[in-house]
Novice: 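I have a structure here, written as structure tokens, and I will follow up with some questions on it.
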Protein chains: 2
Amino acid sequence: MKTEKVDKRQAILEAAEKLFCETGYEGTSTRQIAKESGANMAMINYYFGSKEGVFVEIMNERIAGFASQLKIINEDKISALEKLHRVIEGYVNRILNNTAFHKMMHRELSLTQRPEMYDKIKDAMSHNMQLIDRIITDGIEDGTFNKVDVRMVIATIMGTITNIVISPHKVISCSNFDLNNPKDKKMIKERTIAHLQDLTTVYLTTKK
Amino acid sequence: MKTEKVDKRQAILEAAEKLFCETGYEGTSTRQIAKESGANMAMINYYFGSKEGVFVEIMNERIAGFASQLKIINEDKISALEKLHRVIEGYVNRILNNTAFHKMMHRELSLTQRPEMYDKIKDAMSHNMQLIDRIITDGIEDGTFNKVDVRMVIATIMGTITNIVISPHKVISCSNFDLNNPKDKKMIKERTIAHLQDLTTVYLTTKK
DNA sequence: CAAAATTAATCAAACGATTGATTAACTTCC
DNA sequence: GGAAGTTAATCAATCGTTTGATTAATTTTG
């Protein structure tokens, strides 16, 4: 006999994240969450206080997970370019392993409501940006990088990855591909990393 | 006495677009639209059939406006690089002049519901992409451009612009700026164009 | 150990409020 | 006078939340 014991609290979180990703926060009802998770509707308020409480909890868990995954890249041995390449690799992998959540995050970021969430996401993002900023600025100061508009370069790196995730897939490649297909995802990851590493190398280190 | 005669139909469209941009489609109620536009609630259904009808109408008008604005860049006299630079300039100007709508478009694009809208936006986007693809591919074929991953370069161009629009503003620059402030907008436009033109020039034309 | 008391988890039902939509009556205008 | 425009009132449906009751598990007590 299979043990059907499940953590209802966790089931609610997982169902809610799935639904929020698919149909947005406003577009998802507490009844849908209850049905999808197999929990009673009252359980949502019992565990999280409110629908928004569920959302906040999802975001907090995710952001905490991301932060803990963030490694210290500053080993003195490697060059600024190598550091940057590692950051790109880590960033692409992380985002393409969580495309649904990343979409949801950007959707939420583009809404002016829920300022608490907005600030949370903003802080998480700006942490990564400061990391990249430090690396590029150091490279410029020690003369290995050209003098560039650092914040624009960061916008290019982050924007490229986001664009890959958000854009309709048929648009990117002439042939079809599906980010839910592991083989396709692997291919797109490698292509994105290769492109961004090549781009940054050429742009930052080519002597004019 | 001031003539208060206003086109209610147009007022509804304008109010709805403003609200959809600010709080999203699901997050905006027909009563809000009515209040904001000064029209009676029934007018929404009278003119557009439904709430979704308003949304579809807004999207259609906008996309039609964009398409008509799209100029023919293919004058044989100028080089592929010059063509690309003009496309970048046009694209940056267009998007930064319509940041609220652009945000809304991306939000809608990241939702799986409303496939009709999804396809409409997708088609409008892919038209622009084909234009850029043609220019870069021509440049590669006649030897003026390096052999690059064309679709990735396009993702970089479009992604950078979108990132500027969507990212929290404090994050981009160390100092604050506001895209609704005309002076700030002008500055960001110029900076974005300069960056993308420099980036593409170096990346596409530097001989290794 | 076992009875009693307490706590946590779960449920069906209902709450008041709000949703998008419709009706029918009323104005305005040509 | 009739078509087009506009209104307040109303509709059924759904929203997020709360309720009171019940079960299951745990702790306390004699």
Novice: Rounding to a whole Å, what distance do you find between A:I33:CD1 and D:dT14:C1'?
Specialist: 15 Å
Novice: Any side-chain heavy atom of A:N97 within less than 4.5 Å of one from A:K189?
Specialist: yes
Novice: Is there a side-chain contact between B:N45 and the phosphate of C:dG20, meaning an N or O under 4.0 Å from OP1 or OP2?
Specialist: no
Novice: Please give, in whole Å, the distance from D:dT6 P to B:K8 NZ?
Specialist: 5 Å
Novice: Rounded to whole Å, please give me the gap between CD1 in B:I44 and P in C:dT19.
Specialist: 12 Å
Novice: Can you measure B:L19 atom CG to C:dT19 atom P for me and round it to whole angstrom units?
Specialist: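 Result: 12 Å.
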Novice: To the nearest angstrom, how far is A:F48 atom CZ from C:dT10 atom C1'?
Specialist: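 It is 15 Å, rounded to the nearest whole Å.
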Novice: Would you call A:E190 and A:K186 a salt bridge, using N to O less than 4.0 angstrom?
Specialist: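 Yes, charged N to carboxylate O under 4.0 Å.
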Novice: Quick one: on DNA chain C, does A:A39 or B:G49 contact a more 5' nucleotide (nearest heavy atom)?
Specialist: A:A39
Novice: Can you tell me the distance, in whole Å, between the CZ atom of B:R9 and the P atom of D:dG5?
Specialist: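 My rounded result for the distance is 11 Å.
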Novice: Taking atom P of D:dA21 as reference, at what distance in whole Å does atom CG of A:N40 sit?
Specialist: 17 Å
Novice: Tell me: CG of A:D7 to P of C:dA9, nearest whole Å?
Specialist: 9 Å
Novice: Ignoring the backbone of A:T30, work out which of C:dT10, D:dG16, D:dC11 is nearest its side chain.
Specialist: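 Of the candidates, D:dG16 comes closest.
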Novice: May I ask you to verify if any side-chain N or O of A:Y47 is less than 4.0 angstrom from the OP1 or OP2 atom of C:dT10?
Specialist: yes
Novice: For the residue pair A:K8 and A:N40, confirm or rule out a side-chain donor-acceptor distance under 3.5 Å.
Specialist: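 There is no such pair between these side chains.
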Novice: Name every donor-acceptor pair, under 3.5 Å, that has one atom in a side chain of residues 20-27 of chain B and the other anywhere in the protein, sequence neighbours excluded.
Specialist:
unit_1: B:T23; atom_1: OG1; unit_2: B:L19; atom_2: O; d: 3.0
unit_1: B:T23; atom_1: OG1; unit_2: B:T28; atom_2: OG1; d: 2.8
unit_1: B:Y25; atom_1: OH; unit_2: B:E52; atom_2: N; d: 3.2

Novice: Check every atom of C:dA21, C:dT10, D:dG16 against the side chain of A:M43 and return the nucleotide holding the closest atom.
Specialist: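 The closest nucleotide is C:dT10.
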Novice: Could you check if a side-chain atom of B:M158 sits within less than 4.5 angstrom of a side-chain atom of B:I154, using non-hydrogen atoms only?
Specialist: yes
Novice: Would you check if the side chain of B:H102 reaches a backbone N or O of B:I95 as a donor-acceptor pair within less than 3.5 Å?
Specialist: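 No, B:H102 side chain to B:I95 backbone: no donor-acceptor pair under 3.5 Å.
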Novice: Could you spell out the base pairing of DNA chain D in dot-bracket, with Watson-Crick or G-U pairs whose two distances are under 3.5 Å, [ ] crossing and | to another strand?
Specialist: ||||||||||||||||||||||||||||||
Novice: Side-chain N or O of B:S29 versus OP1/OP2 of C:dT19: is the shortest distance under 4.0 Å?
Specialist: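 Yes.
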Novice: For A:A42 and A:T28, find the nucleotide of DNA chain D closest to each by heavy atoms; which residue's nucleotide sits nearer the 5' end?
Specialist: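 Checking each residue's closest nucleotide, the 5'-ward one belongs to A:T28.
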Novice: Taking only side-chain nitrogens and oxygens of A:Y46, does any of them come within less than 4.0 Å of OP1 or OP2 of C:dC11?
Specialist: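 No, no such contact exists.
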Novice: When you get a sec, tell me which of C:dT10, D:dT17, D:dG16 is the closest nucleotide to the side chain of A:R31?
Specialist: D:dG16
Novice: Any non-hydrogen side-chain atom of B:N45 less than 4.5 Å from a side-chain atom of B:T30?
Specialist: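 Sidechains of B:T30 and B:N45: no contact.
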